[in-house]
Amino acid sequence: MIDKSYNPTQVEGRWYKFWTEKGYFHADEHSKKPPFCIVIPPPNVTGKLHMGHALFVTIQDLLTRYKRMQGFEALWLPGTDHAGIATQVMVERQLAKENKTRLEIGREAFLERVWAWKREKGSNIIEQLKILGASCDWERERFTMDEGLSRAVREVFVRLYEEGLIYRDERLVNWDPVAQTVLSDLEIDNEPENGHLWKIRYKVAGSDESIVIATSRPETLFGDTAVAVHPDDERYKHIVGKQVELPLCGRTIPVIADPLAADMAFGTGAVKITPAHDFADFETGKRNNLPRIQVIGLDARMTDKVPEKYRGMTREECREATVEDLKAAGLLVEIVDYNFTPSRSQRSGALVEPLLLPQWWVNAKVLAKPAIEAVEKGETRMTPRLWEKTFFNWMNNIRDWCVSRQLWWGHQIPAYYCAECSKGHIHFIEKPGQKDPDLRIDNEAKPIVSKTKPEKCPVCGSTHLIQDPDVLDTWFSSGLWPFSTMGWPDNTDTLKKFYPTQVMETAADIIFFWVARMMMFGIHFMGETPFKDIYFHALVRDKAGLKMSKTKGNVIDPLLLIYGCKPESVPADERAASQQLFDDYPKGIDPQGADALRFSLTMLAAQGRDVRLDIRRIEGYRAFLNKVWQASRFVMMNLENTDAFSAIAADGCVEPFKVEDLSMTDAWILDGLNRCVADVTKSIDEFNFNEGAQRIYDFLWNVFCDWYIELAKVVLYSETTDEKTKRTTRLVLVHVLETILRLLHPFAPFMTEEIWQSLPKTDKAPESIMIAPWPVANPAFLNEKSAAMTQTLIDIVSAIRNIRGEANIAPSKAIPLVLMLTDDADKRSIVERMEASIRQLGKIEKITVDGAAAAKPAPCAIGVADGIEIVVPFADLINIDEERARLDKNIAKVTKALEASQRKLANPNFVARANPEVVETERTRVANGQVELEKLKKARALLG
RNA sequence: GGGCAUAUAGCUCAGCGGGAGAGCAUCGCCCUUACAAGGCGAGGGUCGCAGGUUCAAACCCUGCUGUGCCCACCA
């Protein structure tokens, strides 16, 4: 027997260890069962559990447990990501507390610090996934910087280089001057900001004329190498080809006509061209053969290419000085407010400086093509479908991927340079206070790309080889995840069994970062798309729809919800992150449990919608789990000391029923159960997890608990009912409960296991619900007739309860007599057979069944259920005014519905064109409605 | 500038061609021996606005308005 009250923390503490020790999570690559595999989106190794993790664990674990129960060899392959920039920054911060920088301690010592940090913190996130119940195969846990995965990275790099799909080239790139690294296009944010447009006069050399240009970055004018106007612009036609004086630096630059560079309608129609610091200008420069002058350096300060006065200034300082000096020189025409969109680093928030630097690139166009085709052909399906459009749009316009980063933490690029052959192109720059010199390798240096460090230069034989100092973008290694984790480049049994995987489940915001790249690499190296289905879950937001962030104080920490918390016992910084939560719940949160969180996330995460997490919803679903718990207690109490106690057979099901032993209500609940099983299965197969959860919720609570259990009590507690009937009822109770538990297990694994383990079972039953078979709907139990009859019973009881409720008759107060009037023999038979149930559920002492024409005692209250007139003599129970009001309300309701149906049937087009079944339904409604209305009206007339 | 999504009860959300649903909140009556984290009953919505298609529209189409997101070298 389970405990009297449901205590999630206690229950959830019990089972994870049991599952692990039994090895249920382990998938066997030599199994004969069909494979089902999900690879985890690897969380950052030093990360801390957040709601996004909770959501993906919920869905992926649900799918994995479901498939495992269905008899698949289910592998959920876990691991963590080294998260290059994020981890490096975190360790740098740690160093800063000791007043050290990574440059001071040098690369080698720094990397040792990061590894130490990883060893210390790396298991946290894994332990937290376990709290949620994640049934990952931990024996296969991987880390993107493992030796095996690093080998895969080198293999891919070398092969792509040899195929010409990776190359080194000097281009304008996004430079983050704070993080001191290049970023890919995807790592840039563009948020509009309030800024200005400065209009500056450039004088035409040797003339009184001038041209006014507009710019949002006046400090870059030192790098201008032209002014562009539109060729059709009448205002400037005459000065195209002439030189203008570049203010403050005594150079002259040409005025060029370029239809792509200049928009006649914008600003003054004339634009300064700075090819070394602007992407558009870079292209313009190429088209017009303009020189590039780099006036801003890696440190985001002005270089020695600007007049001495400005050298060493930051971009901001230089802007101020430039504007000041232009003003003094009378060349500043106007400053207007302007809303512009600067590029900022997602990581550091710094203004990105476009700089000309040699970097490593992946030719994305070539790799993207087969990935696009795989989705077009349906080899990989995306759910929700609309993401395919987004995917195509990006993939069709994909640009080459800059994969090198000037970081230390990551996979160092397997490229080497010969100090002899590339002499003059490799620069060691000693800097004060820096352990290692900076290493700059010009674009002209010749890389030797190799999986291992070559012993000597293949050209000149020199042994002085220098490895490229850069590391690869984190997403390069995560792009290999679906096969690198399975042992590639070796052709392992795991790869043979589990690649390609069945489902990729992830957040849509990394569709380009991660999903697209796994598609590209997977197809290129494995010859097959890495997953059949991609399911994108939504973003978890706060209850107001805002993204959760520490600075907004609207973070909801999954662990605080699962275990509950008192505000005073939460550390100050965490409390600040969750300020909103504690404002709403000043006394703290009760423990909700991982099951309730999982069930809630499942319910809230409808396809394609963002999740607004409201704790009240979670509390509601915890109440549901409590309901399951209590219903289970009821069932178990009624099994004790009976022979139904050992009824659950080896397949997890109770012994087969004899259909002829089933009562009307037994048949009805089994009909409902089998429909429920079919619906839940279909919902999960279609990734409609919320529908499945809703279906179980509704069936368990509104059908099983509210009606079947109450009806079962009548049977079980009756002294006159025979033992065989009671036994069947017990069997049905435990069968329905046990089946629901199995349906519910992927949604709420802990509590279903706890209850299931307490259920009576034979020796042949499986050891755990998680390896019990998934329920299969049995059509033999579908029974429309019993379902309809039971519905009549329910309608009768509801009608009586409606009278009771409206008349405020206390539940404890019995109604002495109720008349049930109908001429329909079938319905009379239902009432007669179910009399005891109706009496108990309606708390009625005596029921008399009679014909429709029978005399009614006056005064009385009247209800109608499925054509049966239900007459409650007033006695002293009912207030006549309230009864008048109740009848008027019901008459209005029935009249409205009746008229609606009549109106439809009066329309010849409806009768002619609508589906015959629909027409028939309306006819039935009219017939029933007319009877009911007539009865209600008569009853009302009796009351005067 | 392009694209996508979304608007349903006080709140958070399902439903997406045939009589408006859930949870929470609200209002009655109840500690009825599984459950007060509960039971029984009730109230509450011209389903964003305007057109259109259809016998029938919350649901399909068009436009508009609000909101959110993504992409894009608008000096």
Any residue meeting side chain to side chain contact (heavy atoms under 4.5 Å, CB included) with [X], in chain and number order, not counting sequence neighbours:
| X | result |
| --- | --- |
| A:Pro8 | A:Tyr6, A:Glu12 |
| A:Lys627 | A:Leu700, A:Trp701, A:Cys705 |
| A:Asp679 | A:Arg695 |

Distance, [atom1] atom - from [M] to [N], rounded to whole angstrom:
| N | M | atom1 | value |
| --- | --- | --- | --- |
| B:G38 | B:A25 | P | 9 Å |
| B:C64 | B:G21 | C1' | 29 Å |
| B:G3 | B:U8 | C1' | 26 Å |
| B:A14 | B:G48 | P | 14 Å |
| B:G23 | B:G66 | P | 35 Å |
| B:C29 | B:C47 | P | 33 Å |
| B:A22 | B:C73 | P | 49 Å |
| B:A9 | B:C59 | P | 15 Å |

Protein and nucleotides 27-29 of chain B: nitrogen or oxygen contacts under 3.5 angstrom:
from	atom 1	to	atom 2	distance (Å)
B:G28	O2'	A:Asn808	OD1	3.0
B:G28	O2'	A:Asn808	ND2	3.0

### Query
If you measure only the distance, is there a donor-acceptor pair under 3.5 Å linking the side chains of A:Glu187 and A:Ser184?
yes
Excluding sequence neighbours, so at least two apart, what forms ring-ring contact (aromatic ring centres under 6.0 Å, His included) with [X]?
| X | value |
| --- | --- |
| A:Phe599 | A:Tyr621, A:Phe624 |
| A:Trp175 | none |
| A:Tyr338 | A:Phe266 |
| A:Phe279 | none |

Taking 4.0 angstrom as the limit, do [X] and [Y] come out as a salt bridge?
| X | Y | answer |
| --- | --- | --- |
| A:Glu691 | A:Lys682 | no |
| A:Glu806 | A:Arg886 | no |
| A:Glu619 | A:Arg622 | no |

#### Entry: Annotated protein contacts, base or backbone, on nucleotides 15-25 of chain B with a non-hydrogen cut-off under 4.0 Å, one of B, S, - each
---BB---SS-
### Task
Confirm from the modelled atom types if A:Lys389 and B:A5 form a donor-acceptor pair under 3.5 Å, side chain to base only.
no
### Task
Classify the side chain of A:Glu710 versus the base of B:A34 as yes if they form a donor-acceptor pair under 3.5 Å and no if they do not.
yes
Using only side-chain N and O atoms of [X], determine if any of them is under 4.0 Å from OP1 or OP2 of [N].
| X | N | result |
| --- | --- | --- |
| A:Lys4 | B:A34 | no |
| A:Lys813 | B:C30 | no |
| A:Asn802 | B:A42 | yes |
| A:Tyr717 | B:U32 | no |

Which protein N or O atoms sit under 3.5 Å from an N or O of nucleotides 66-73 of chain B?
from	atom 1	to	atom 2	distance (Å)
B:C73	OP1	A:Arg399	NH1	3.1

### Task
Identify which one of A:Phe536, A:Phe392, A:Trp394 satisfies the ring-ring contact (aromatic ring centres under 6.0 Å, His included) criterion when paired with A:Trp387.
A:Phe536
Output one line per pair: protein atom, nucleotide atom from nucleotides 58-62 of chain B, and distance, for all N/O pairs under 3.5 Å.
none

### Query
For RNA chain B, what dot-bracket results from Watson-Crick or G-U pairs at under 3.5 Å, with [ ] for crossers and | for inter-strand partners?
((((((((.[[[[.)..(..]]]].(((((.......))))).....[[[[[..)....]]]]])))))))....
